[in-house]
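Let me begin by presenting the structure, written as structure tokens, before commenting on it.
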Amino acid sequence: MITPFQKPIPVTRPYLPPLDRFRAELETIWENAWLTNNGPTLQRFTTALEKRLGTPHLSLFANGTLALQIALQALQLSGEVITTPFTFVATTHAITQNRLQPVFVDIDPEFYTLDPNRVEAAITPRTSAILAVHVFGHPCRLEELADIASRHQLPLIYDAAHAFGVEVAGRPIGSFGDLSMFSFHATKLCHSVEGGLLTFADPQFKEVFHYLKNFGFRNEVEVVLPGTNAKMNELEALMGLHVLEQLDPLIEERKRIHSWYLEQLTSVPGLRLPPRHSPHVRYNHAYFPIEVEAGSFGMDRDELYHWMRRHNVLVRRYFYPLVPELDCYRDSTRKQELPVSQQVARRILNLPLYNGLTEDEVTRICEMVVAGSASQHNPRLRRAA
Ligand SMILES: *Cc1c(COP(=O)(O)O)cnc(C)c1O
């Protein structure tokens, strides 16, 4: 008998560091009365990130969306940017906010990242950059994209909002491409309540970003660029520091949760579990996306979505609808065929995964999934559903 959870299980839940130590450090901020504008806590967070990521070139922002928008602004692009339809809408907004045109090309059916062959086929003289997304923390096809970008002399930018902590062949994911953006939003694995980060290969960007996130001020009397306000504040930086400190145990815990799901769902017909792990990649285990194949599962994705929600498991359909199918982008783009993205968007469902989710809860969630499938083959249960 499947009973609903009494309290809703969200798809994600922010990690909160122990309050005592946080409070002690708040006192320092109170004493300093320095709340934003490159304060001492922000500088500490910057140094800690440099150490963790092994790169001297990074810049913190108020959020990931503004960070990405500013990255594209700094590159002074024009015309079109090749990107993915299977992402959070902020990826595309960062393009259009810069008065650039997104060109959506299809994704790889296994990892949901941009298909390099289609990227190459979509390049025209108007193409000015490639913006790819490490969806659900799975690295893009890095070598192929780098090769295409360099042959066509196009900047290669990664939306790495899902991928903090991921490493490929011992290299942090942010060291690939020209620029990478990370989001420190509360729903992300590593967070600062709200926050964003750019990592980049060219040290010249450091100064440009410093100006662009602070109205373009060089000093009290000189404004050198049409910047915005995208600074991270001291309270956010403090949260970021405390979460970052716990990153390795947080990833370890998520890895365990991941393996509980795998153990219990592997033999369920009609479910495609997250792709096999490559031995060269250190994953962050931030998400647990599954694909529902209605024919053999017995329910389609939307039926399973409603079934789970009725039982108080707040699963989410990331990413559905696809960005080019949203009202504000429906008419604005150079049309490409997107058969893989469309199929994935119809089938994808993210199960809850966050620090603090217990083995017992995962077991109940998995039993619920299995019962959902079974109910479709059983007329009595079917009525109850
Ligand atoms: C969260 C997210 C963003 C936006 O980051 P914010 O910090 O919330 O502005 C951008 N792209 C992707 C893929 C995301 O998941």
Side-chain angles (χ1 to χ4, degrees), residues 10-15 45 49 58-73 81-98 102 104 107-108 111-114 129-140 157-166 173-174 176-177 179-199 209 212-213 228-233 235-237 239-240 243-244 254 283-289 316-324 326 328-329 341 344-345 348 350 353-354:
V11 76
T12 189
R13 216 180 151 215
Y15 165 76
F45 189 29
L49 285 164
L58 54 81
S59 189
L60 280 162
F61 293 85
N63 58 60
T65 306
L66 282 169
L68 190 57
Q69 207 172 302
I70 286 173
L72 297 176
Q73 185 183 354
V81 174
I82 292 177
T83 191
T84 171
F86 189 71
T87 185
F88 183 57
V89 69
T91 315
T92 315
H93 287 344
I95 296 172
T96 53
Q97 288 282 342
N98 279 284
F104 300 102
I107 57 172
D108 175 306
F111 298 103
Y112 313 141
T113 53
L114 270 183
I130 300 167
L131 172 49
V133 182
H134 302 303
V135 185
F136 305 138
H138 280 282
C140 290
I157 304 128
Y158 287 112
D159 176 335
H162 294 179
F164 194 84
V166 172
I173 194 81
F176 294 88
L179 284 153
S180 294
M181 175 278 277
F182 296 89
S183 165
F184 293 150
H185 184 257
T187 54
K188 306 299 204 271
L189 163 67
C190 183
H191 79 89
S192 60
V193 186
E194 293 267 10
L197 174 73
L198 291 176
T199 61
F209 294 147
L212 286 177
K213 68 179 157 187
T228 183
N229 180 3
K231 302 184 296 293
M232 177 179 281
N233 68 48
L235 298 174
E236 290 168 335
M239 180 64 87
V243 178
L244 180 65
R254 282 173 185 257
Y283 294 91
N284 65 6
H285 307 282
Y287 302 91
F288 200 87
R316 296 294 298 268
R317 290 169 287 191
Y318 298 136
F319 291 102
Y320 163 85
L322 294 177
V323 176
L326 299 171
C328 75
Y329 291 117
S341 305
V344 174
I348 199 86
N350 273 253
L353 204 168
Y354 52 84

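Bear in mind that the values here come from a model prediction, so they are computed numbers and not experimental data. Numbering of ligands and ligand atoms starts at 1, following listing order.
- When each atom of ligand 1 is checked for a heavy atom of S183 under 4.0 Å away, the hits are 1 (C), 5 (O), 6 (P), 7 (O), 8 (O).
- A 4.5 Å side-chain heavy-atom check between L244 and F164 finds at least one atom pair inside the cut-off.
- Considering backbone and side-chain atoms alike, T87 places every N or O at 3.5 Å or more from each N or O of ligand 1.
- The protein heavy atom nearest to atom 3 (C) of ligand 1 is F88 CD2, 3.7 Å.
- For atom 11 (N) of ligand 1, the nearest non-hydrogen atom of the protein is D159 OD2, 2.7 Å.
- Interface atoms of ligand 1 facing G195, defined by a heavy-atom separation under 4.0 Å, are 7 (O).
- Closest heavy-atom approach to atom 2 (C) of ligand 1 within the set H185, K188, M181: this belongs to K188.
- Under 4.0 Å from ligand 1, the heavy atoms of H162 that appear belong solely to its side chain.
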Q.
The test is side chain to side chain contact (heavy atoms under 4.5 Å, CB included); show your working for L326 and V89 and say whether it passes.
A. CA-CA 9 Å; L326 299 171; V89 69; 3.7 Å; yes

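- Which parts of ligand 1 touch T91 is read off a 4.0 Å heavy-atom cut-off, strictly below it: atoms 11 (N).
- Annotation: R317, atom CZ; neighbour count of heavy atoms from other residues, nucleotides and ligands within 6.0 Å is above 12.
- Side-chain N/O atoms of Y329 and H93 include a donor and acceptor closer than 3.5 Å.
- No donor-acceptor pair closer than 3.5 Å links the side chain of S59 to the backbone N or O of L198.
- At least one donor-acceptor pair closer than 3.5 Å links the side chain of K213 to the backbone N or O of L60.
- Closest approach of V135 and Y112 over heavy atoms only: CG2-O, 3.4 Å.
- The closest side-chain donor-acceptor pair between N229 and K231 falls under 3.5 angstrom.
- Numbered from 1 in the order shown, with element, the atoms of ligand 1 that lie under 4.0 Å from a heavy atom of T65 read 4 (C), 5 (O), 6 (P), 9 (O).
- Taking each of A161, A286, S192, A160 in turn, the one with a heavy atom nearest to atom 12 (C) of ligand 1 proves to be A161.
- Backbone and side-chain nitrogen or oxygen atoms of G64 are examined, and one is located within less than 3.5 angstrom of a nitrogen or oxygen of ligand 1.
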